[in-house]
Amino acid sequence: MTERYVTLAEVRDLLEEVAESRKGTAGELEDEDVLLASQKAALDHAQKVSNISLEDANKIIEEVSQIEEVTDVIAVKIADILPKYPEDVRAIFSKERINLSSDKINQIIEIVGKYI
C-alpha cells in the first residue's frame, strides 16, 4: 500500500462519487445513510472549505512543485489553503524551517492567484 497526499478538492470529489455510487446501489436508503458518519463529516468540511476544482488544485500543485523548496506536502497545503498574502505563505513554510525569498513567495501567490 502506498500513501499520497490529497487535496480537500480531491477528498470532496472522491466522497461525492462514493455517495452517488452507493445511492444507485442502495435504492431504498436515504441520502444520509449512504456514508459513514466520519465520511459525512469529511465531505461536509471539504465542501465548505475547498473553493476550487480538483483540476485547478492539481494545476496549482504542478506549478508550485517546480519551485525547488516546495515538497509534495507543501504543494498540497498551498492548494488547500490558497495563500493570498506573504504571511500566509510564510506560515505554510514555518514548520519546515525554510525561509523563502520574497521573489519565491510572490511567485507562489501569483500561481495561486491564477486559479482563484
Side-chain angles (χ1 to χ4, degrees):
M1 182 190 279
T2 61
E3 291 182 3
R4 71 180 178 95
Y5 296 97
V6 296
T7 62
L8 286 171
E10 187 171 356
V11 169
R12 179 193 62 222
D13 288 0
L14 288 171
L15 288 173
E16 286 174 350
E17 286 177 26
V18 168
E20 284 301 314
S21 69
R22 289 183 183 172
K23 281 182 193 176
T25 59
E28 70 281 347
L29 290 178
E30 298 274 331
D31 285 353
E32 302 88 39
D33 296 333
V34 294
L35 294 175
L36 300 172
S38 59
Q39 292 172 321
K40 287 183 215 171
L43 177 58
D44 184 53
H45 174 73
Q47 288 173 329
K48 288 179 181 175
V49 175
S50 181
N51 299 324
I52 60 172
S53 69
L54 177 56
E55 294 80 21
D56 286 347
N58 287 336
K59 289 177 187 175
I60 290 172
I61 290 170
E62 183 180 325
E63 289 188 42
V64 298
S65 293
Q66 302 300 316
I67 300 170
E68 183 179 335
E69 293 85 357
V70 177
T71 63
D72 291 342
V73 176
I74 292 175
V76 170
K77 285 181 187 179
I78 290 169
D80 282 343
I81 296 172
L82 302 172
K84 296 177 186 167
Y85 305 103
E87 296 79 23
D88 299 336
V89 177
R90 286 189 198 96
I92 292 169
F93 281 88
S94 65
K95 189 173 180 182
E96 307 300 319
R97 298 175 191 240
I98 296 172
N99 287 323
L100 289 180
S101 67
S102 293
D103 291 341
K104 290 191 180 182
I105 290 172
N106 290 331
Q107 184 180 359
I108 290 169
I109 292 170
E110 286 175 22
I111 291 168
V112 170
K114 291 191 293 187
Y115 299 100
I116 57 172

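Note that the numbering runs from 1 along the sequence shown for the chain.
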Practice prompt. Check step by step if side chain to side chain contact (heavy atoms under 4.5 Å, CB included) holds for Tyr5 and Ile61.
Written response: CA-CA 11 Å; Tyr5 296 97; Ile61 290 170; over 6 Å; no

Item to complete: For side chain to side chain contact (heavy atoms under 4.5 Å, CB included), just list the numbers for Ile81 and Val112, CA-CA rounded to whole Å, side-chain angles, deciding distance to a tenth of an Å, and then say yes or no.
Response: CA-CA 10 Å; Ile81 296 172; Val112 170; over 6 Å; no

Discussion item. Using side chain to side chain contact (heavy atoms under 4.5 Å, CB included), reason through Ile109 and Val89 one step at a time and then give a plain yes or no.
Written reply: CA-CA 8 Å; Ile109 292 170; Val89 177; 3.8 Å; yes

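You'll find the side chain of Ile92 stays beyond 4.5 Å of the side chain of Ile108, heavy atoms only. Contact annotation: the side chain of His45 approaches that of Leu8 to within less than 4.5 Å [non-hydrogen atoms, C-beta and beyond]. In this structure the side chain of Asp80 never reaches within 4.5 angstrom of the side chain of Val49, judged on heavy atoms. The closest side-chain heavy-atom distance from Arg22 to Leu35 is below 4.5 Å. Looking at Ser50 and Thr7, their side chains never come closer than 4.5 Å, going by heavy atoms from C-beta outward.
The shortest non-hydrogen separation linking Val76 to Val6 is CG1-O, 3.5 Å. Residue Ala57 comes nearest to Ala9 through the heavy atom pair CB-CB, 4.2 Å, listed as atom of the first residue, atom of the second, then distance. The shortest heavy-atom contact between Pro83 and Ile78 is CD-O, 3.5 Å. When every heavy atom of Ala42 is checked against every heavy atom of Leu15, the shortest pair comes out as CB-CD1, 3.8 Å.
Here the CD atom belonging to Glu10 is positioned 4.0 Å from the CZ atom belonging to Arg4, to the nearest 0.5 angstrom. Taken from CD in Gln47 to CD in Glu16, the straight-line distance is 5.0 Å, to the nearest 0.5 Å. Summarising the geometry, atom CG belonging to Asn51 is positioned 8.5 Å from atom CZ belonging to Arg12; distances are rounded to the nearest 0.5 Å. One finds the CD atom of Glu55 at 12.0 Å from the CD1 atom of Ile60 (value rounded to the nearest 0.5 Å). Rounding to the nearest 0.5 Å places CG of Asn58 at 10.5 Å from OH of Tyr115. Taking CD1 of Ile67 as the start and CG of Leu100 as the end, the distance is 7.5 Å to the nearest 0.5 Å.
Taken together through direct or relayed side-chain contacts under 4.5 Å among Ile, Leu, Val, Met, Phe, Trp and Tyr, Tyr85 and Val64 form parts of separate hydrophobic clusters. Hydrophobic cluster membership is shared by Ile98 and Ile111, with clusters built from Ile, Leu, Val, Met, Phe, Trp and Tyr side chains linked at under 4.5 angstrom.
Salt-bridge formation is not detected for the pair Lys59/Glu62: no Lys NZ or Arg NE/NH1/NH2 atom is positioned less than 4.0 Å from an Asp or Glu carboxylate oxygen. Using a cut-off of 4.0 Å between Lys/Arg side-chain N and Asp/Glu carboxylate O, Asp44 and Lys40 are scored as not salt-bridged.
Residue-environment remark: NZ (Lys114) exceeds the threshold of 12 foreign heavy atoms within 6.0 Å. Within a 6.0 Å radius of CG in Asn99, other residues, nucleotides and ligands contribute 12 heavy atoms or fewer.
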